[in-house]
Participant: 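Please see the structure below; I have some questions.
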Amino acid sequence: RALQLSSSEKAASENELAQITQLELEADAIRDALTKESKNAIIKRLSSFWGRSQKLGLPIIKEIFIKVIAEITSKLLTGG
């Protein structure tokens, strides 16, 4: 017997996907602004980003953290 989601659970899943998409767009915007904005502006954007990601839950934070560590490691290894 297949598990069926109620309409409220489907709406919650769609809302969560929309929030994840928004986080991905914000991460790209922060990356693009790194060399253009002041350090304080970037820190404000990052704190806002982390706050929104915390609302989505621990699995999302873990995934973001793993991707950030992987990117930092690759930058350190390639020197760029």
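The structure displayed is predicted, hence computed values, not measured ones.
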Participant: Look up atom NZ in Lys55 and atom CG in Leu23, then write down how far apart they are to the nearest 0.5 Å.
Facilitator: 10.5 Å
Participant: Does the distance from a Lys or Arg side-chain N to an Asp or Glu carboxylate O, for Glu37 and Lys44, drop under 4.0 Å?
Facilitator: no
Participant: For Ile42 versus Ile30, what's the shortest heavy-atom pair and its separation?
Facilitator: CD1-O, 4.3 Å
Participant: Does Leu56 reach the side chain of Ile61, with side-chain heavy atoms less than 4.5 Å apart?
Facilitator: no
Participant: Salt bridge (Lys or Arg N to Asp or Glu O under 4.0 Å) for Arg31 and Glu71? Distances and angles first, verdict last.
Facilitator: CA-CA 12 Å; Arg31 183 181 299 142; Glu71 189 169 325; 3.2 Å; yes
Participant: Hey, is Lys67 close enough to Glu63 for a salt bridge, meaning N to O under 4.0 Å?
Facilitator: yes
Participant: Does Leu77 belong to the same Ile/Leu/Val/Met/Phe/Trp/Tyr cluster as Ile69, with side-chain heavy atoms less than 4.5 Å apart forming each link?
Facilitator: no
Participant: Enter the distance from Arg52:CZ to Ile60:CD1 here, rounded to the nearest 0.5 Å.
Facilitator: 14.0 Å
Participant: Are Val68 and Leu25 connected, step by step, through hydrophobic side chains (Ile, Leu, Val, Met, Phe, Trp, Tyr) whose heavy atoms are closer than 4.5 Å?
Facilitator: no
Participant: Side-chain heavy atoms under 4.5 angstrom apart, residues restricted to Ile, Leu, Val, Met, Phe, Trp, Tyr: same cluster for Ile43 and Phe49?
Facilitator: no
Participant: Please list, chain by chain and in numerical order, all residues satisfying side-chain hydrogen bond (donor to acceptor under 3.5 Å, both in side chains) with Gln19, sequence neighbours excluded.
Facilitator: none
Participant: Under a single-linkage definition using a 4.5 Å side-chain heavy-atom cutoff for Ile, Leu, Val, Met, Phe, Trp and Tyr, are Ile20 and Leu58 assigned to the same hydrophobic cluster?
Facilitator: no
Participant: So how far is it from Ser53 OG to Glu26 CD, rounded to the nearest 0.5 Å?
Facilitator: 11.0 Å
